[in-house]
Protein chains: 2
Amino acid sequence: MSSKPDQEMLEKKMAEFEPACRNAGLKLTHQRLEIFRELAQALDHPSAETLHNRLRRRLPTLSLDTVYRTLAIFEKHRLINKVETVESQGRYEADIGRHHHAICRLCGAITDFSWSFFDEAQLPEVVKGWGRVDRKSITLHGLCRKCAHSGA
Amino acid sequence: MSSKPDQEMLEKKMAEFEPACRNAGLKLTHQRLEIFRELAQALDHPSAETLHNRLRRRLPTLSLDTVYRTLAIFEKHRLINKVETVESQGRYEADIGRHHHAICRLCGAITDFSWSFFDEAQLPEVVKGWGRVDRKSITLHGLCRKCAHSGA
DNA sequence: CTAAATGCAAAATTTTTGCAGTCCC
DNA sequence: GGGACTGCAAAAATTTTGCATTTAG
(Lines give C-alpha, C1' and ligand atoms only; values in the text may rest on other atoms or scores of the structure.)
Protein backbone atom coordinates (compact mmCIF):
# COMPACT_ATOMS: atom_id res chain seq x y z
CA MET A 1 0.00 0.00 0.00
CA SER A 2 2.94 2.31 0.73
CA SER A 3 6.20 2.00 -1.15
CA LYS A 4 9.63 2.17 0.32
CA PRO A 5 11.05 5.65 -0.11
CA ASP A 6 14.38 5.35 -1.83
CA GLN A 7 17.45 7.43 -1.34
CA GLU A 8 16.46 9.88 -4.04
CA MET A 9 13.08 10.46 -2.48
CA LEU A 10 14.67 10.97 0.91
CA GLU A 11 17.04 13.61 -0.40
CA LYS A 12 14.14 15.37 -2.02
CA LYS A 13 12.32 15.43 1.30
CA MET A 14 15.38 16.78 3.05
CA ALA A 15 15.75 19.46 0.40
CA GLU A 16 12.17 20.54 0.98
CA PHE A 17 12.50 20.36 4.72
CA GLU A 18 15.31 22.86 5.12
CA PRO A 19 13.55 25.90 3.68
CA ALA A 20 10.29 24.87 5.37
CA CYS A 21 12.11 24.79 8.66
CA ARG A 22 13.63 28.22 8.13
CA ASN A 23 10.26 29.49 7.05
CA ALA A 24 8.87 28.41 10.37
CA GLY A 25 11.60 30.35 12.11
CA LEU A 26 13.30 27.22 13.39
CA LYS A 27 17.03 26.85 13.55
CA LEU A 28 18.52 24.04 11.51
CA THR A 29 20.42 22.08 14.09
CA HIS A 30 22.17 18.82 13.51
CA GLN A 31 19.70 17.05 15.80
CA ARG A 32 16.68 18.43 14.00
CA LEU A 33 18.00 17.43 10.62
CA GLU A 34 18.74 13.93 11.79
CA ILE A 35 15.44 13.49 13.57
CA PHE A 36 13.58 14.59 10.48
CA ARG A 37 15.69 12.38 8.25
CA GLU A 38 15.09 9.35 10.44
CA LEU A 39 11.35 10.00 10.47
CA ALA A 40 11.24 10.68 6.74
CA GLN A 41 12.80 7.36 5.91
CA ALA A 42 10.79 5.40 8.43
CA LEU A 43 8.01 3.21 7.09
CA ASP A 44 6.34 2.51 10.40
CA HIS A 45 5.10 5.75 11.95
CA PRO A 46 7.53 5.49 14.86
CA SER A 47 7.11 6.81 18.40
CA ALA A 48 9.53 9.28 19.96
CA GLU A 49 11.17 6.46 21.82
CA THR A 50 11.57 4.33 18.72
CA LEU A 51 13.12 7.23 16.84
CA HIS A 52 15.45 7.89 19.71
CA ASN A 53 16.60 4.30 19.75
CA ARG A 54 17.29 4.37 16.02
CA LEU A 55 19.09 7.68 16.18
CA ARG A 56 21.31 6.76 19.09
CA ARG A 57 23.52 4.69 16.84
CA ARG A 58 24.39 7.77 14.85
CA LEU A 59 23.99 10.40 17.58
CA PRO A 60 25.02 8.82 20.85
CA THR A 61 24.45 11.99 22.87
CA LEU A 62 20.98 12.73 21.53
CA SER A 63 18.56 12.81 24.43
CA LEU A 64 15.04 11.51 24.44
CA ASP A 65 13.61 14.79 25.64
CA THR A 66 15.09 16.53 22.63
CA VAL A 67 13.30 14.05 20.40
CA TYR A 68 10.04 14.80 22.19
CA ARG A 69 10.58 18.55 22.02
CA THR A 70 11.61 18.41 18.40
CA LEU A 71 8.69 16.30 17.27
CA ALA A 72 6.30 18.57 19.13
CA ILE A 73 7.68 21.70 17.54
CA PHE A 74 7.76 20.11 14.08
CA GLU A 75 4.17 19.12 14.49
CA LYS A 76 3.18 22.54 15.72
CA HIS A 77 4.59 24.01 12.53
CA ARG A 78 3.06 21.23 10.46
CA LEU A 79 6.39 19.94 9.23
CA ILE A 80 5.35 16.48 10.36
CA ASN A 81 2.14 14.83 11.49
CA LYS A 82 1.10 13.10 14.69
CA VAL A 83 -1.13 10.14 13.95
CA GLU A 84 -4.56 9.86 15.56
CA THR A 85 -4.24 6.78 17.62
CA VAL A 86 -5.74 4.80 20.43
CA GLU A 87 -2.37 3.76 21.80
CA SER A 88 -0.72 5.33 24.80
CA GLN A 89 2.41 6.18 22.83
CA GLY A 90 2.34 8.99 20.29
CA ARG A 91 3.23 8.02 16.73
CA TYR A 92 4.59 10.31 14.03
CA GLU A 93 5.08 10.52 10.28
CA ALA A 94 6.92 12.91 8.00
CA ASP A 95 4.31 12.64 5.28
CA ILE A 96 1.95 15.57 5.62
CA GLY A 97 0.27 14.99 2.28
CA ARG A 98 -3.32 13.82 2.10
CA HIS A 99 -3.56 10.23 3.10
CA HIS A 100 -5.25 7.98 5.60
CA HIS A 101 -4.39 5.19 8.00
CA ALA A 102 -5.25 1.57 8.53
CA ILE A 103 -4.29 0.23 11.94
CA CYS A 104 -4.03 -3.43 12.84
CA ARG A 105 -5.48 -4.16 16.24
CA LEU A 106 -3.13 -7.07 16.74
CA CYS A 107 0.32 -5.99 15.63
CA GLY A 108 -0.39 -2.27 15.86
CA ALA A 109 1.14 -1.58 12.45
CA ILE A 110 -0.08 1.60 10.79
CA THR A 111 -0.39 1.55 7.00
CA ASP A 112 -1.03 4.55 4.77
CA PHE A 113 -3.54 4.63 1.98
CA SER A 114 -4.99 7.24 -0.34
CA TRP A 115 -8.58 7.88 -1.32
CA SER A 116 -9.08 10.89 -3.53
CA PHE A 117 -12.82 10.26 -3.75
CA PHE A 118 -13.04 11.01 -0.07
CA ASP A 119 -10.51 13.82 -0.16
CA GLU A 120 -12.55 15.64 -2.76
CA ALA A 121 -15.95 15.01 -1.21
CA GLN A 122 -17.72 17.87 0.50
CA LEU A 123 -18.18 17.37 4.21
CA PRO A 124 -21.81 17.11 5.31
CA GLU A 125 -23.81 20.24 6.01
CA VAL A 126 -23.94 19.53 9.71
CA VAL A 127 -20.19 20.10 10.00
CA LYS A 128 -20.47 23.66 8.73
CA GLY A 129 -21.87 24.77 12.06
CA TRP A 130 -19.04 23.23 14.02
CA GLY A 131 -16.27 25.65 13.07
CA ARG A 132 -13.30 25.73 10.74
CA VAL A 133 -12.01 22.39 9.52
CA ASP A 134 -8.30 22.33 8.71
CA ARG A 135 -7.78 18.62 8.17
CA LYS A 136 -9.83 15.52 7.69
CA SER A 137 -8.61 11.98 7.85
CA ILE A 138 -9.88 8.46 7.96
CA THR A 139 -8.75 5.77 10.34
CA LEU A 140 -9.50 2.13 9.65
CA HIS A 141 -9.29 -0.50 12.34
CA GLY A 142 -9.08 -4.19 11.77
CA LEU A 143 -6.62 -6.95 11.08
CA CYS A 144 -3.81 -6.60 8.61
CA ARG A 145 -3.38 -9.42 6.17
CA LYS A 146 -0.53 -10.97 8.07
CA CYS A 147 -2.36 -11.02 11.40
CA ALA A 148 -5.61 -12.17 9.82
CA HIS A 149 -3.82 -15.17 8.34
CA SER A 150 -1.99 -16.07 11.51
CA GLY A 151 -5.28 -17.29 12.94
CA ALA A 152 -6.73 -14.40 14.91
CA MET B 1 -24.19 18.88 16.62
CA SER B 2 -24.89 16.33 19.34
CA SER B 3 -27.93 16.64 21.55
CA LYS B 4 -27.98 16.21 25.28
CA PRO B 5 -29.13 12.75 26.18
CA ASP B 6 -32.01 13.05 28.56
CA GLN B 7 -32.88 10.81 31.45
CA GLU B 8 -35.03 8.58 29.32
CA MET B 9 -32.24 8.02 26.83
CA LEU B 10 -29.84 7.23 29.64
CA GLU B 11 -32.12 4.61 31.11
CA LYS B 12 -32.47 3.05 27.70
CA LYS B 13 -28.71 2.85 27.38
CA MET B 14 -28.42 1.28 30.81
CA ALA B 15 -31.11 -1.23 29.91
CA GLU B 16 -29.16 -2.21 26.82
CA PHE B 17 -25.89 -2.29 28.66
CA GLU B 18 -26.79 -4.89 31.22
CA PRO B 19 -27.50 -7.77 28.86
CA ALA B 20 -24.58 -6.73 26.64
CA CYS B 21 -22.32 -6.94 29.65
CA ARG B 22 -23.57 -10.38 30.63
CA ASN B 23 -23.23 -11.45 27.05
CA ALA B 24 -19.59 -10.53 27.18
CA GLY B 25 -19.23 -12.67 30.27
CA LEU B 26 -18.60 -9.68 32.52
CA LYS B 27 -19.94 -9.46 36.02
CA LEU B 28 -22.30 -6.60 36.70
CA THR B 29 -20.65 -4.88 39.59
CA HIS B 30 -21.76 -1.64 41.15
CA GLN B 31 -18.60 0.06 39.91
CA ARG B 32 -19.05 -1.10 36.35
CA LEU B 33 -22.62 0.06 36.23
CA GLU B 34 -21.72 3.47 37.60
CA ILE B 35 -18.72 3.89 35.34
CA PHE B 36 -20.82 3.07 32.33
CA ARG B 37 -23.63 5.33 33.47
CA GLU B 38 -21.27 8.23 33.99
CA LEU B 39 -19.75 7.73 30.56
CA ALA B 40 -23.12 7.28 28.89
CA GLN B 41 -24.37 10.58 30.18
CA ALA B 42 -21.17 12.47 29.48
CA LEU B 43 -21.16 14.82 26.53
CA ASP B 44 -17.42 15.38 26.39
CA HIS B 45 -15.63 12.10 25.70
CA PRO B 46 -13.97 12.08 29.11
CA SER B 47 -10.64 10.55 30.10
CA ALA B 48 -10.29 7.91 32.78
CA GLU B 49 -9.16 10.55 35.21
CA THR B 50 -12.07 12.86 34.44
CA LEU B 51 -14.53 10.04 34.92
CA HIS B 52 -12.90 9.09 38.17
CA ASN B 53 -13.21 12.64 39.46
CA ARG B 54 -16.87 12.77 38.57
CA LEU B 55 -17.59 9.40 40.08
CA ARG B 56 -15.80 10.04 43.33
CA ARG B 57 -18.66 12.16 44.57
CA ARG B 58 -20.96 9.17 44.38
CA LEU B 59 -18.43 6.40 44.94
CA PRO B 60 -15.79 7.72 47.31
CA THR B 61 -13.87 4.44 47.42
CA LEU B 62 -13.70 3.93 43.67
CA SER B 63 -10.09 3.75 42.65
CA LEU B 64 -8.57 5.20 39.50
CA ASP B 65 -7.03 1.91 38.51
CA THR B 66 -10.44 0.28 38.53
CA VAL B 67 -11.63 2.98 36.15
CA TYR B 68 -8.70 2.24 33.85
CA ARG B 69 -9.25 -1.50 34.06
CA THR B 70 -12.96 -1.18 33.53
CA LEU B 71 -12.70 1.12 30.53
CA ALA B 72 -10.12 -1.18 28.98
CA ILE B 73 -12.27 -4.24 29.41
CA PHE B 74 -15.39 -2.46 28.16
CA GLU B 75 -13.51 -1.37 25.10
CA LYS B 76 -12.12 -4.81 24.51
CA HIS B 77 -15.67 -6.14 24.42
CA ARG B 78 -16.81 -3.21 22.31
CA LEU B 79 -19.25 -1.95 24.94
CA ILE B 80 -17.63 1.47 24.66
CA ASN B 81 -15.22 3.16 22.28
CA LYS B 82 -11.82 4.74 22.73
CA VAL B 83 -11.46 7.81 20.56
CA GLU B 84 -8.58 8.11 18.10
CA THR B 85 -6.72 11.07 19.39
CA VAL B 86 -3.47 12.95 19.26
CA GLU B 87 -3.54 13.76 22.97
CA SER B 88 -1.56 11.89 25.57
CA GLN B 89 -4.66 11.09 27.62
CA GLY B 90 -7.04 8.44 26.38
CA ARG B 91 -10.62 9.60 25.82
CA TYR B 92 -13.72 7.43 25.82
CA GLU B 93 -17.36 7.42 24.73
CA ALA B 94 -20.28 5.13 25.35
CA ASP B 95 -21.69 5.66 21.86
CA ILE B 96 -20.53 2.79 19.69
CA GLY B 97 -22.88 3.63 16.82
CA ARG B 98 -21.53 4.93 13.55
CA HIS B 99 -20.37 8.45 13.95
CA HIS B 100 -17.30 10.60 13.55
CA HIS B 101 -15.36 13.22 15.46
CA ALA B 102 -14.38 16.85 15.09
CA ILE B 103 -11.61 17.93 17.43
CA CYS B 104 -10.78 21.53 18.26
CA ARG B 105 -7.04 22.12 18.33
CA LEU B 106 -7.44 24.91 20.87
CA CYS B 107 -9.89 23.75 23.51
CA GLY B 108 -9.54 20.06 22.73
CA ALA B 109 -13.29 19.53 22.69
CA ILE B 110 -14.44 16.49 20.73
CA THR B 111 -17.76 16.77 18.92
CA ASP B 112 -19.65 13.94 17.26
CA PHE B 113 -21.17 14.08 13.83
CA SER B 114 -22.82 11.67 11.40
CA TRP B 115 -22.26 11.24 7.70
CA SER B 116 -24.19 8.38 6.16
CA PHE B 117 -22.84 9.15 2.70
CA PHE B 118 -19.42 8.19 3.97
CA ASP B 119 -20.64 5.31 6.09
CA GLU B 120 -22.24 3.71 3.06
CA ALA B 121 -19.43 4.37 0.62
CA GLN B 122 -17.23 1.49 -0.48
CA LEU B 123 -13.66 1.78 0.63
CA PRO B 124 -11.17 2.12 -2.22
CA GLU B 125 -9.83 -0.96 -3.94
CA VAL B 126 -6.38 -0.45 -2.51
CA VAL B 127 -7.66 -1.19 0.99
CA LYS B 128 -8.82 -4.68 0.01
CA GLY B 129 -5.27 -5.88 0.03
CA TRP B 130 -4.59 -4.56 3.48
CA GLY B 131 -6.65 -7.03 5.47
CA ARG B 132 -9.99 -7.10 7.23
CA VAL B 133 -11.52 -3.75 8.11
CA ASP B 134 -13.75 -3.77 11.18
CA ARG B 135 -14.34 -0.08 11.65
CA LYS B 136 -13.81 3.13 9.75
CA SER B 137 -14.04 6.60 11.15
CA ILE B 138 -13.27 10.17 10.24
CA THR B 139 -11.46 12.68 12.40
CA LEU B 140 -11.65 16.37 11.63
CA HIS B 141 -9.18 18.82 13.08
CA GLY B 142 -9.67 22.54 13.25
CA LEU B 143 -11.18 25.24 15.38
CA CYS B 144 -14.59 24.91 16.93
CA ARG B 145 -16.90 27.86 16.46
CA LYS B 146 -16.26 29.21 19.93
CA CYS B 147 -12.47 29.12 19.62
CA ALA B 148 -12.53 30.47 16.07
CA HIS B 149 -14.51 33.50 17.28
CA SER B 150 -12.34 34.14 20.29
CA GLY B 151 -9.65 35.40 17.92
CA ALA B 152 -7.36 32.48 17.26
C1' DC C 1 -18.33 -21.61 46.64
C1' DT C 2 -15.31 -19.87 43.15
C1' DA C 3 -13.66 -17.24 39.62
C1' DA C 4 -13.70 -12.63 38.69
C1' DA C 5 -13.41 -7.94 40.22
C1' DT C 6 -11.86 -4.32 43.38
C1' DG C 7 -8.83 -1.29 46.20
C1' DC C 8 -4.49 -0.26 47.67
C1' DA C 9 0.12 0.52 46.91
C1' DA C 10 3.83 0.43 44.09
C1' DA C 11 5.87 0.44 39.68
C1' DA C 12 6.21 1.14 34.81
C1' DT C 13 5.59 3.94 30.95
C1' DT C 14 5.26 8.15 28.55
C1' DT C 15 5.80 13.00 28.43
C1' DT C 16 7.16 17.53 30.29
C1' DT C 17 10.04 20.97 32.62
C1' DG C 18 14.06 23.86 34.83
C1' DC C 19 18.37 25.10 34.14
C1' DA C 20 23.17 25.53 32.72
C1' DG C 21 25.85 25.19 28.83
C1' DT C 22 26.12 25.10 23.56
C1' DC C 23 25.32 26.39 18.92
C1' DC C 24 22.92 28.59 14.86
C1' DC C 25 22.15 32.86 12.56
C1' DG D 1 26.60 38.13 20.70
C1' DG D 2 22.04 36.77 21.72
C1' DG D 3 18.25 34.12 21.62
C1' DA D 4 17.11 29.52 20.43
C1' DC D 5 18.35 24.85 21.23
C1' DT D 6 20.29 20.82 23.70
C1' DG D 7 21.44 17.57 27.34
C1' DC D 8 20.97 16.29 31.87
C1' DA D 9 18.34 15.38 35.67
C1' DA D 10 14.32 15.49 37.90
C1' DA D 11 9.45 15.70 37.96
C1' DA D 12 4.90 15.25 36.22
C1' DA D 13 1.40 12.81 34.01
C1' DT D 14 -0.64 8.66 32.51
C1' DT D 15 -1.23 3.82 32.66
C1' DT D 16 -0.27 -0.84 34.40
C1' DT D 17 0.54 -4.52 37.78
C1' DG D 18 0.76 -7.70 42.17
C1' DC D 19 -1.64 -9.08 45.78
C1' DA D 20 -4.94 -9.51 49.56
C1' DT D 21 -9.80 -8.95 50.09
C1' DT D 22 -14.47 -8.69 48.50
C1' DT D 23 -18.31 -9.81 45.57
C1' DA D 24 -21.41 -11.52 41.73
C1' DG D 25 -23.31 -15.47 39.87
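Naming: A, B, ... by sequence-line order, numbering from 1 per chain.
When rounded to the nearest whole Å, the span between CD of A:E87 and C1' of C:dA12 equals 17 Å. The nearest whole Å value for the distance from the NE2 atom in A:H30 to the C1' atom in D:dT6 is 13 Å. Atom P of nucleotide C:dT14 and atom NE2 of A:H52 are separated by 14 Å, given to the nearest angstrom. In this structure, CZ of B:R91 is placed 14 Å from C1' of D:dT14, rounded to the nearest angstrom. Taking atom CZ of residue B:R56 and atom P of nucleotide C:dT6, one finds them 17 Å apart after rounding to whole Å. A straight line from CG of B:L59 to P of D:dT23 spans 14 Å, rounded to a whole angstrom.
Among the nucleotides D:dG3, C:dG7, D:dG7, the one closest to any side-chain atom of B:L62 is C:dG7. Minimum atom distance to the side chain of A:D65 is reached by C:dT17, of the listed D:dT14, C:dT17, C:dC25. Side-chain proximity of A:R32 to D:dC5, C:dG7, C:dT15: nearest is D:dC5. Which of C:dT6, D:dT6, D:dG25 sits closest to the side chain of B:R22 comes down to D:dG25. Comparing D:dC5, D:dG7, D:dA24 by their closest approach to the side chain of A:L26 singles out D:dC5.
Within the 4.0 Å cut-off from OP1 or OP2 of D:dT6, not a single side-chain nitrogen or oxygen of A:T66 is found. For the pair B:R69 and C:dA5, the criterion of a side-chain N or O lying under 4.0 Å from OP1 or OP2 is not met. The shortest distance between the side-chain N/O atoms of B:T61 and the OP1/OP2 oxygens of C:dG7 is below 4.0 Å. The phosphate of C:dG7 has OP1 or OP2 within less than 4.0 Å of a side-chain N or O from B:Q31. For B:T29 and C:dT6, the shortest distance from a side-chain N or O to OP1 or OP2 is below 4.0 Å. Within the structure, every side-chain polar atom (N or O) of A:S88 is placed at least 4.0 Å from both OP1 and OP2 of D:dT16. In terms of phosphate contacts, A:Y68 brings no side-chain nitrogen or oxygen within less than 4.0 Å of OP1 or OP2 of C:dT16.
The aromatic rings of A:F17 and A:F74 sit perpendicular to each other, their planes meeting at more than 60°, with 30° as the lower class boundary.
The side-chain heavy atoms of A:H141 and A:R105, taken from C-beta on, include no pair separated by under 4.5 Å. Using a 4.5 Å cut-off on side-chain heavy atoms (C-beta onward), B:L28 and B:R32 make no contact.
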(request) Let me see the working for B:F113 and B:F118 under ring pair (Phe, Tyr, Trp, His ring centres under 6.0 Å), right down to the final yes or no. (result) CA-CA 12 Å; B:F113 71 95; B:F118 170 80; 9.1 Å; no
(message) Is there a side chain to side chain donor-acceptor pair (under 3.5 Å) between A:H100 and A:D112? Walk through the geometry before answering.
(response) CA-CA 5 Å; A:H100 309 284; A:D112 296 341; over 6 Å; no
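Each of B:L64 and A:T70 has a nearest nucleotide on DNA chain D; the 5'-most of these lies closest to A:T70.
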